[in-house]
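Values in this document were obtained by computation on a predicted structure and should not be read as measured data.
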Amino acid sequence: MTTATPGDLAGRKDELPPVSTGPLMELLSMERPPPPGPLSASLAFGWRSMLKIKHIPEQLADVTVLPVMLVLMFTYLFGGALAGSPREYIQYLLPGVLVMSVVMTTMYTGIAINNDIDKGVLDRFRMLPVWQPSTLVGHLLGDVLRYSIASSVMLVAGLLIGFRPEGGVPGVVMGVLLLIVFAFAFSWVGTMFGLLVRDERTVIGASMTVIFPLNFLSDIFVDPQTMPGWLQKLVHNNPITHVASAVRGLMEGRSPGTDVLWTLGWSVALVVVFGSLTMKLYQRK
Amino acid sequence: MTEHTTSDLAIHAVGLVKSFGANRAVDGVDLTVRQGTVYGVLGPNGAGKTTSVKMLASLLRPDGGEARIFGHDVVRESDAVRRRVSLTGQYASLDQDLTGMENLVLLGRLTGHAKKGARHRAGQILETFGLVEAAGRQVKDYSGGMRRRLDIAASLLNAPDLLFLDEPTTGLDPRSRAQVWEIVRALVAQGRTVLLTTQYLDEVDQLASRIAVIDKGKVIAEGTKGELKASVGAGAVHLRLRDAVQRPEAEQVLALTLGAEVQREPDPLALTARIDNNSVNSNGDNNGDGDNGGDNGEGGAAGRASRALAELARRGIAVDSFSLGQPSLDEVFLALTDRKAEPAPSGARKEAAA
């Protein structure tokens, strides 16, 4: 961009016409409408998330390319050794990898909020006379779309290489819905980090430190029965294990009532604990 | 709108305090701003300007003191405050990924317009601010001047009665600065109130009717431009001699007739003397009557300066050029931030109340 000198008036790209005071008067003399309710405000912010996806579609790589890679990689890498063949292994693996990818995606809510603070947009939003958490809810609404895309893409990839869920369409849909509920709840961990730490990289670092062990110390890849007793205890009390078992159960056409209840319980607990921590941090900003 | 207050004050803040850890960023700031005026808050980087503005705009909760905007408490009635004010921060606070239009529609919906109304309003604003052509572009592709303009435009979306502009021209080229000034003038012409922070003195000189100078979290001076300038001195005499050899003698003459401190400039021919209102024509003894009128009459700056010229001529000291000027706000600012440990010389200055 060229910097202007007083003499440099010709052909400037960012030449702006003067502000017209007549229309300005009209602009200022409007009646202020009543402020929007929490729902409309959240939906407006959700619309913002959609627009961001529209403008930067490459950010969807995280919910398309990466998940497909994970499915292919783990299926062919471990399949033969763990289950006799990749085709047999994917029946066990796919619901788990689905959980893993979507939980990893929750990190982006925190990054998005951290960016809002960094760029100063959050200050503008906080100056609005609206229900304050609606900014965060808007981000989460956008993320629900992301989770749905990730899930669909992985399911298609899985079906292509031999995943045949016995629960059929209803089982798969219920599994995905349950996962999205959990991911929505789990996102509040990311939002907390997003408000807590200084920059984007630290948000990623902090989130990965939580997400990585949770994902691997679970029953996503293998049945915990071969693990040492102490580890089994850990794995069985890991929320990710409950979610993965519940999703797997639903997709296999069983009715994994206990695991579903555990998953819903964890979801409520996450929202209560990290949701309120996030709100507290948000109000303090 | 329909809210009415008994007073005509846009801002009334008393003893605002905000600390970040051990750092008292704002340390007892009082501000009173009348409706329909531009009020300038001047101070160097880190003086506490932004922190003060954020508290007044209900973005930051004060640790002490209280502030009312149109009679509404910024902490307890933040929603009422937010409906009537807008803030344009130092950095354009828009979503860089969205287009100009989308940003405005979003904010329109968030101020309570239905989708269609928000579109209409956004279009109206883009037109008023000459941004129609850029409406469909992502904000990150805007130039600095355009971005700032859109930012201010977005702040007018709710037709605010009070607009906070936090360093609105920092980093802008001269042309864009002038455009921001135009907008401010237009706003005040519509009876709106603007509180402007800046580190540029010419900006408050151009726009503000009253000024507060903030340094290290305290208001160190407050008043009209004239009051602030008068508080520092009636003006400065700049003298340029024909012969450098005569400079020491000329210096003596000036010191005697003006009763002021005389400075030697780097130029071996030049001298500068700052005339204090309160000093009289010999030996600097003080009449102490706080006369701010300054520039005419026996004790006035011009009178003293002409006596000095006459004395120089009588002694045969040839003068090449001579000027007497009001102090610039720059001089005021430097003088204030230098000498604020001393007691105030006139009514225009006040020490910040604790």
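- Looking at A/Leu28 and B/Leu187, their side chains come closer than 4.5 Å, going by heavy atoms from C-beta outward.
- In terms of heavy-atom pairs under 4.5 angstrom with chain B, the leader among A/Val130, A/Leu43, A/Asn115, A/Leu128 is A/Leu128.
- At a 4.5 Å heavy-atom cutoff, B/Arg185 makes no contact with chain A through either its backbone or its side chain.
- Remark: B/Lys18 pairs with B/Asp63 by the salt bridge (charged side-chain N to carboxylate O under 4.0 Å, His left out) rule, at least two apart or across chains.
- With sequence neighbours excluded, the residues satisfying ring-ring contact (aromatic ring centres under 6.0 Å, His included) with A/Phe182 are A/Phe186.
- For the pair B/Asp95 and A/Lys52, the salt-bridge criterion is met [side-chain N within less than 4.0 Å of a carboxylate O].
- B/Gln124 touches chain A through backbone and side chain together, each having a heavy atom under 4.5 Å away.
- Here side chain to side chain donor-acceptor pair (under 3.5 Å) pairs that include residues 205-215 of chain A, with residues two or more places apart or in two chains, number zero.
- Only the backbone of B/Leu157 comes within less than 4.5 Å of a heavy atom of chain A; no side-chain atom from C-beta onward does.
- Proximity to chain A (any heavy atom under 4.5 Å) is shown, for B/Val81, by neither the backbone nor the side chain.
- Counting non-hydrogen atoms of other residues, nucleotides and ligands closer than 6.0 Å to CZ of B/Arg119 gives a total of 12 or fewer.
- We find that B/Asp161 and A/Arg32 are joined by a salt bridge, their nearest charged nitrogen and carboxylate oxygen being less than 4.0 Å apart.
- Interface summary for chain B: among A/Trp47, A/Phe125, A/Phe45, the most heavy-atom pairs under 4.5 angstrom belong to A/Trp47.
- Listed options B/Thr99, B/Leu87, B/Val85 were ranked by heavy-atom pairs under 4.5 angstrom with chain A; first place goes to B/Leu87.
- With chain A as the partner, the residue from B/Leu156, B/Asp79, B/Asn158 showing the most heavy-atom pairs under 4.5 Å is B/Asn158.
- Considering only heavy-atom pairs separated by less than 4.5 Å from chain A, the leading option among B/Ile183, B/Leu107, B/Leu172 is B/Leu107.
- Heavy atoms closer than 4.5 Å to chain A are found nowhere in B/Ala134, neither backbone nor side chain.
- Looking only at side-chain heavy atoms (C-beta outward), A/Asp123 and B/Lys54 come within less than 4.5 Å of each other.
- Expressed to the nearest 0.5 Å, how far CG of B/Leu110 lies from OG of A/Ser40 amounts to 9.5 Å.
- Side-chain contact check for A/Met127 versus B/Leu59: some heavy-atom pair is nearer than 4.5 Å.
- Proximity to chain B at a heavy-atom threshold of 4.5 Å picks out A/Lys54, A/His55, A/Ile56 from residues 53-70 of chain A, in numerical order.
- No side-chain heavy atom of B/Ser93 sits less than 4.5 Å from a side-chain heavy atom of A/Lys119.
- Considering every non-hydrogen atom in both B/Arg109 and A/Pro36, the closest pair reads O-CG, 3.7 Å.
- A donor-acceptor contact closer than 3.5 angstrom links the side chains of B/Ser155 and A/Arg124.
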